[in-house]
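Here is the structure we will look at.
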Number of protein chains: 2
Amino acid sequence: MKAEIIAVGTELLLGQIVNTNAQYLSQELAALGIDVYFQTVVGDNRKRFAQAVETAAARADLLIFTGGLGPTQDDLTKEALAEVLGRPLYVDPEAMANVERFFKDRGVPMTENNRRQALAIDGGTPLPNETGLAVGDAVAAGGKFYIVLPGPPKEMKPMFERQAKPWILKHALSEEMPIYSKMLKFAGIGESALETKLLDLIKEQSDPTVAPYAKEGEVTIRVSTKAASEREAMEKLGAMEREIASRLPEHLYANVDVPIEQKILELMAQRGLTLSAAESCTGGLLMEMITAIPGSSAVFMGGIVCYSNAMKEKLLNVPHELLEGDGAPGAVSAETARVLAEQVRLTADTDFGLSITGVAGPGASERKPAGLVYIAISRRGGDTAVYELNLKGNRDAVRMRSAKTILYRLWRALMES
Amino acid sequence: MKAEIIAVGTELLLGQIVNTNAQYLSQELAALGIDVYFQTVVGDNRKRFAQAVETAAARADLLIFTGGLGPTQDDLTKEALAEVLGRPLYVDPEAMANVERFFKDRGVPMTENNRRQALAIDGGTPLPNETGLAVGDAVAAGGKFYIVLPGPPKEMKPMFERQAKPWILKHALSEEMPIYSKMLKFAGIGESALETKLLDLIKEQSDPTVAPYAKEGEVTIRVSTKAASEREAMEKLGAMEREIASRLPEHLYANVDVPIEQKILELMAQRGLTLSAAESCTGGLLMEMITAIPGSSAVFMGGIVCYSNAMKEKLLNVPHELLEGDGAPGAVSAETARVLAEQVRLTADTDFGLSITGVAGPGASERKPAGLVYIAISRRGGDTAVYELNLKGNRDAVRMRSAKTILYRLWRALMES
């Protein structure tokens, strides 16, 4: 089964809103095992709408429309689709009663254009709107299936979930097997290096299929299969996961779609370990990422953004001779990174202390190039590990990669101990 | 001039990522006076890609592609477009040198598939990638214009702004009257309240036109006009800016597209003022936003993420009685916010000290509801201002709104003194 998602609305073409509906519906259709081959956005224009429908009907079996169901003249989805299908419209009595009730409850007179929100296509199944006024529609015509949904996500999502999905399962998908998938998450490795290790699996479109995709600062693999039962699917997915894990044992950190900081917090919480951090060039980014995870307060106690040298000396006891003077290593050095990690751990009285100090750029600092960063991990009763990084990219990229790298190193340290 | 935006990537069709590139490019093209009639998303499939290009070329003059420029076999945009246009590909020497330098700097061997990232279409203009590896392209062929951009927004946006836009202005828009625009930036006001104040200007499509511009956590208005000369345009834009400023004097903080933290740093640097911060529920977000601005070290000295109560006591001298015990105000209170702001200012020896303490959620804390946040601003030789916020939204939204609100209050304090 091939589907196309068609969003209708000039506000999308002007960039006033982002098309999150396409993402939601794509995910939902993928979960049903339906392939989405195209997403289209068209404005509130009858001729171009008809063009989009004709193009889509020629290449897809299931067309899902969002938007253009409101009361104004701009809202033309149902009229224009009815015209393309050569079917009349009628006022759906239940939907009309819903619209009338809405205005009566508020004591506001209903303007005539609101009748448009109760229009339905002859021969279709009106889809009730539980969170708004415009009724949706599901139509089977000429061997194709058409679903019409409202634009606002808070109306569209419940209508899809409770009305459209059961209709699709019953009418369009009655004979197909469902699809199951798992997300495998990797750290400490780039997308192309990862793909090189898995090239045979990706290329041969094995069952389960193995597909890479890039996410901001993360590398993820999606493993999918069609199966008659969840149990059968999980067996196949598990076998593929073990194969991939055996090729990348130092990089696969999760088989659900979570960031590495969440995985670290889970591991540390299980073991009753606590964490603190001292950040110079990242300025709070690392701690922000950690505390973005709900429940992080069980593990993460806090830390210090020691942006100036004075703060490094005063709050983290970095010796002045280390930071300044002829031949001093400087703030951006392995020595300073080590002191910062050890001192923040002692100050916060935690099991692990992290530090990042470097040159985020643009431009050099202490005659050191942008991208030179030192990170350190100090542990209670253990050695302090210090790493030198030479990172590429602009200020944002250097900061993000510094934070991601220390998280990867911390995860490795936890896995090895 | 009619344009179509074509995003390439199976991850979009699976709903793994949302197509924010289409929104960004639609806004940018609207600002150039170019009409976007369709947005299309197609997967990593050569046949369907060719279909999408043919459909688009039949109805648009300018085709902008995003995505599919990476090193993997899936990344087929340039090969597939070259095939449709009947032109060969070649390795762009500058782009290849950039790719090689990237791997050399890291001391990592370059895998052969990375050569793909340096491919360019014969007869086109390679668009350098300043924040990544894959080179873009601009091609004029058969009376149509084709622009090829990378998928990751942090590569796509600078390439559009610095490479593609000048190319479009020179080659595709050379005969049209240029469009000039200004971005007006607002803080401390929501989008709908702002629109209500400007509704007449937005609705009547005045000259200059006034259009709201959606951006993550910010409220922005774009004012645009077509004019024969820059001087004429600036006069018209300036008059409209003064009209808007007179309606929202307490909220318009800049007439260029900068975040409020940059404006604050500029104002403070001019006056020789310094800044520090203590963050509880935001966990470093505020400091991360401030230090993301290059040159922030002239003003921002550092601060403390006092996530646990122990850190609040130990590093910021919050009295134990304030935090715990029967009838104590607790960590989330006006009293604690005040102490945090004053103590971080004294510790860091800065002119201003900021603090944020609250319940980010999900769920309550200290029997206080998620969204209850206290912020404080302490100044050398002055009073400490404390504000209670009752914020809506999930954890991320509460954290972001807390940080944005204290930045707004700090900006107001600077403007009033």
Side-chain angles (χ1 to χ4, degrees), chain A residues 12-20 22-24 26-27 30 36-43 48 52 55 59 191-193 195-196 203 211-215 283-285 287-288 290-292 294 297 300-308 310-311 315 347-348 362 390 392-397, chain B residues 10-20 22-24 26-27 30 36-43 48 51-52 55 70-73 102 105-106 111 113-114 131 152 154 212 214 283-285 287-288 290-292 294 297 300-308 310-311 315 348 362 395-396:
Chain A
L12 288 160
L13 295 180
L14 289 170
Q16 288 166 349
I17 58 173
V18 66
N19 191 6
T20 55
Q23 180 182 35
Y24 170 84
S26 293
Q27 287 179 338
V36 176
Y37 280 171
F38 294 92
Q39 297 167 356
T40 300
V41 178
V42 60
R48 289 192 287 274
T55 304
R59 62 195 183 187
E191 187 190 357
S192 63
E195 183 177 329
T196 304
K203 276 211 152 180
Y213 80 93
K215 237 178 148 175
L285 174 63
M287 294 190 271
E288 190 277 314
I290 292 168
T291 59
S297 60
F300 182 71
M301 297 299 116
I304 291 166
V305 176
C306 47
Y307 216 50
S308 68
M311 293 286 274
L315 288 176
T347 299
N390 292 280
K392 258 297 182 82
N394 64 11
R395 184 177 178 88
D396 287 346
Chain B
T10 300
E11 65 275 23
L12 288 160
L13 295 180
L14 289 170
Q16 288 165 350
I17 58 173
V18 66
N19 190 6
T20 56
Q23 179 183 33
Y24 170 84
S26 293
Q27 288 182 337
V36 176
Y37 280 170
F38 294 93
Q39 297 167 356
T40 299
V41 178
V42 61
R48 290 192 287 275
Q51 262 181 35
T55 304
T72 77
Q73 292 292 330
F102 174 89
D105 286 354
R106 279 166 182 68
T111 51
N113 57 358
N114 280 289
T131 51
K154 71 174 186 223
L285 175 62
M287 293 190 271
E288 190 276 315
I290 291 168
T291 59
S297 61
F300 182 72
M301 296 299 115
I304 292 166
V305 176
C306 47
Y307 215 51
S308 68
M311 293 287 273
L315 288 177
R395 183 178 178 88
D396 287 346

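Letters A, B, ... are given to chains in the order of the sequence lines, protein chains preceding strands, and every chain is numbered from 1.
- Per-residue counts of heavy-atom pairs under 4.5 Å with chain B were compared for Ala193(A), Ala30(A), Gly393(A), Ala292(A); the largest is that of Ala292(A).
- At least one donor-acceptor pair closer than 3.5 Å links the side chain of Gln39(B) to the backbone N or O of Leu12(A).
- Of the two parts of Leu315(A), only the side chain, counted from C-beta on, holds a non-hydrogen atom closer than 4.5 Å to a non-hydrogen atom of chain B.
- Interface remark: Pro294(B) contributes backbone and side-chain atoms alike to the contact with chain A (heavy atom separation under 4.5 Å).
- Of the listed residues Gln73(B), Arg48(B), Met287(B), the one with more heavy-atom pairs under 4.5 angstrom with chain A than any other is Arg48(B).
- Taking Gly303(A), Gly302(A), Ser192(A), Gly284(A) one by one and counting their heavy-atom pairs under 4.5 Å with chain B, the maximum is reached by Gly303(A).
- Using a 4.5 Å cut-off between heavy atoms, Met311(B) contacts chain A through its side chain alone, with no backbone atom that close.
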Using side-chain contact (heavy atoms from CB on, under 4.5 Å), reason through Thr131(B) and Asn394(A) one step at a time and then give a plain yes or no. CA-CA 7 Å; Thr131(B) 51; Asn394(A) 64 11; 3.7 Å; yes
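- Only the side chain of Arg106(B) comes within contact range of chain A, with at least one heavy atom under 4.5 Å from a heavy atom of that chain.
- With Gln27(A) contributing its side chain and Gly15(B) its backbone, the two residues share a donor-acceptor pair below 3.5 Å.
- The distance from the CD atom of Gln23(A) to the CG atom of Leu14(B) is 11.0 Å, given to the nearest 0.5 Å.
- Residue contact with chain B, scored on non-hydrogen atoms closer than 4.5 Å, is absent for Ala310(A).
- Listed by chain and number, the residues in a salt bridge (charged side-chain N to carboxylate O under 4.0 Å, His left out) with Asp105(B) are Lys392(A) (sequence neighbours excluded).
- Expressed to the nearest 0.5 Å, how far OG1 of Thr20(A) lies from CG of Asn19(B) amounts to 11.5 Å.
- Both the backbone and the side chain of Thr40(A) come within contact range of chain B, each with at least one heavy atom under 4.5 Å from a heavy atom of that chain.
- Interface remark: Ala22(A) contributes no atoms to any contact with chain B (heavy atom separation under 4.5 Å).
- Contact annotation for Thr55(B): only side-chain heavy atoms (C-beta onward) come within less than 4.5 Å of a heavy atom of chain A.
- Proximity to chain B is limited to the side chain of Arg395(A), based on heavy atoms less than 4.5 angstrom apart.
- Scanning for side-chain hydrogen bond (donor to acceptor under 3.5 Å, both in side chains) contacts around Asn113(B) gives Thr111(B), with sequence neighbours left out.
- Contact count against chain B (heavy-atom pairs under 4.5 Å) is highest for Leu13(A) among Val36(A), Asp396(A), Leu13(A), Ile304(A).
- Contact of the Ile290(A) side chain with the Tyr307(B) side chain is not registered, since no non-hydrogen atoms from C-beta on lie closer than 4.5 Å.
- To the nearest 0.5 angstrom, Asn114(B) atom CG is 8.0 Å from Thr196(A) atom OG1.
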